[in-house]
Number of protein chains: 2
Amino acid sequence: MDMPTRTTDEVILGRLNTALGFLVRLAQIKVYEHFFEECGERGLKPGEFSVLWVILHNPGIRQSVLGQRLMIKRAHMTKLIRSLEDQNLVSRRIPDDDRRAVEITLTPAARTMVEQAGDWFFAYEDSVGSNLTTAERQQLMVLLQKFTGLD
Amino acid sequence: MDMPTRTTDEVILGRLNTALGFLVRLAQIKVYEHFFEECGERGLKPGEFSVLWVILHNPGIRQSVLGQRLMIKRAHMTKLIRSLEDQNLVSRRIPDDDRRAVEITLTPAARTMVEQAGDWFFAYEDSVGSNLTTAERQQLMVLLQKFTGLD
DNA sequence: TGGAGATTGTTTCTTTGTAAACAAATTTTG
DNA sequence: CAAAATTTGTTTACAAAGAAACAATCTCCA
């Protein structure tokens, strides 16, 4: 009998389910979808939060450095920063010693906001991978740190 | 001295570098960039390949099932399939027993092409995470399978 | 010193993917 | 059975992200 595949778990993936790149992509989508179920309408997306968080902990950081660390391309970073500036969350300053660069700082209002947002963001992050044991989560974290070169 | 952050590895990430969601996003970008360095102008992107690969191994699979398994949204799947159809790689058939559904099959030409593409695709996939040991790669694979619910 | 090349950020255009409204077919249920 | 609800795929409008071309500034070296 050669019935066409009708249900998700019948699907034959072959070697695909051993491919790291494929698995990482699936994981990323899952995290993202899970985020919007949980944090739904908080108004602050994961990308935005990570940018603000890093600026909080590195006041005066340059756009280029921020982009390199978070792996956000220049063109996109420009848009992100402008959007944050429009929301009055960050301010830009051209340093005297290099007038091409832009140094980013949080506004005072944003500082308290981001600290607060950190609470629920990391609470959410703790719920990521809740189908793994604590030990597995720890293991996965370490492996991903090494994989991404963050160790 | 409170110098603004100037180089990537000076950047303070705080709790962020222990956040699974953040790490997974970084990993995904890294895989994707690495892919285009390696496989540059092969004309077949990771997403397209995975779709074709799954159709190859599940001939007559329905669009909805394909989308669920690869976590591709309906609206997007429609465009992907149409693009593949325009390239004469897949054909669509409305089954008699459910005239809303669409069953997808590879064209004969695509079958050999995808089998061939599999060779370099999985060769590339083997090079993903080359900064990890073989054991670590295996571990990461198993953890991601569990994480994504593919086990 | 001054010009070639690199760096930094912006702009414009394109690609990729999502959301919401819709139409058609099917299933459920009163 | 017939109306209501669900499923499946498409369309349209939009958001997120990258690529390439560009302008301004800085660096390096002949």
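No experiment lies behind these values; they were computed from the predicted model shown. Just so it is clear, the values below take in all heavy atoms, side chains as well, and ignore hydrogens, waters and symmetry mates.
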- Task: Check whether any side-chain N or O of B/Asp151 sits under 3.5 Å from a backbone N or O of B/Val142 as a donor-acceptor pair, and report yes or no.
- Result: no

Here the side-chain hydrogen bond (donor to acceptor under 3.5 Å, both in side chains) pairs for residues 64-80 of chain A, sequence neighbours left out, are A/Gln68-B/Thr8, A/Lys73-B/Glu33

Check: Do the ring planes of B/Tyr124 and B/His34 sit parallel (below 30°), tilted (30 to 60°) or perpendicular (above 60°)?
Finding: tilted

Using the 3.5 Å cut-off, write out each protein N or O paired with an N or O of nucleotides 2-8 of chain C and the distance between them.
| from | atom 1 | to | atom 2 | distance (Å) |
| --- | --- | --- | --- | --- |
| C/dT7 | O2 | A/Arg100 | NH1 | 2.8 |

**Message:** For B/Phe122 together with B/Trp53, are the ring centres under 6.0 Å from each other?
**Reply:** yes

In DNA chain C, stems of three or more consecutive pairs, Watson-Crick or G-U, each with both distances under 3.5 Å, turn out to be C:1-30 with D:1-30

Here the distance between atom P of C/dG17 and atom CD1 of A/Ile29, to the nearest Å, is 8 Å

Exactly one candidate in A/Val114, A/Leu89, A/Thr112, A/Leu84 meets side chain to side chain contact (heavy atoms under 4.5 Å, CB included) with A/Leu106; the answer is A/Val114

A/Ile72 atom CD1 is separated from D/dA15 atom P, nearest whole Å, by 19 Å

Ranking B/Lys73 and B/Asp96 by the position along DNA chain C of their nearest nucleotide, the one closer to 5' is B/Lys73

- Query: Donor-acceptor pair, B/Gln63 side chain versus B/Met77 backbone, under 3.5 Å?
  - Reply: no

Comparing A/Met71 with A/Pro95, nearest DNA chain D nucleotide closer to 5' gives the residue A/Met71

Does C/dT16 have OP1 or OP2 under 4.0 Å away from a side-chain N or O of B/Lys45? yes

Ordered by number, residues from residues 75-92 of chain A within less than 4.0 Å of DNA chain D (heavy atoms) are A/Ala75, A/His76, A/Lys79

B/Leu70 atom CG is separated from C/dT16 atom P, nearest whole Å, by 16 Å

Got more than 12 heavy atoms from elsewhere within 6.0 Å of CZ, B/Arg99?
no

From CD of A/Glu48 across to C1' of D/dA16 the rounded distance in Å is 11 Å

Checklist entry - Has the side chain of A/Arg137 got a donor or acceptor atom that lies under 3.5 Å from a matching backbone atom of A/Asp126? => result yes

Hits for side chain to side chain contact (heavy atoms under 4.5 Å, CB included) against A/Glu48, two or more places apart or cross-chain, chain-then-number order -> A/Leu44, A/Lys45, A/Ser83, A/Gln87

Separation of D/dG18 atom C1' from B/Arg25 atom CZ, nearest Å, is 14 Å

Between CD1 of B/Ile94 and C1' of D/dT8 the distance, given in whole Å, is 10 Å

Across all chains, not counting sequence neighbours, the salt bridge (charged side-chain N to carboxylate O under 4.0 Å, His left out) partners of B/Asp97 are A/Arg6, B/Arg62

Any side-chain to backbone donor/acceptor pair from B/Lys30 onto A/Phe147? Under 3.5 Å, distance only.
yes

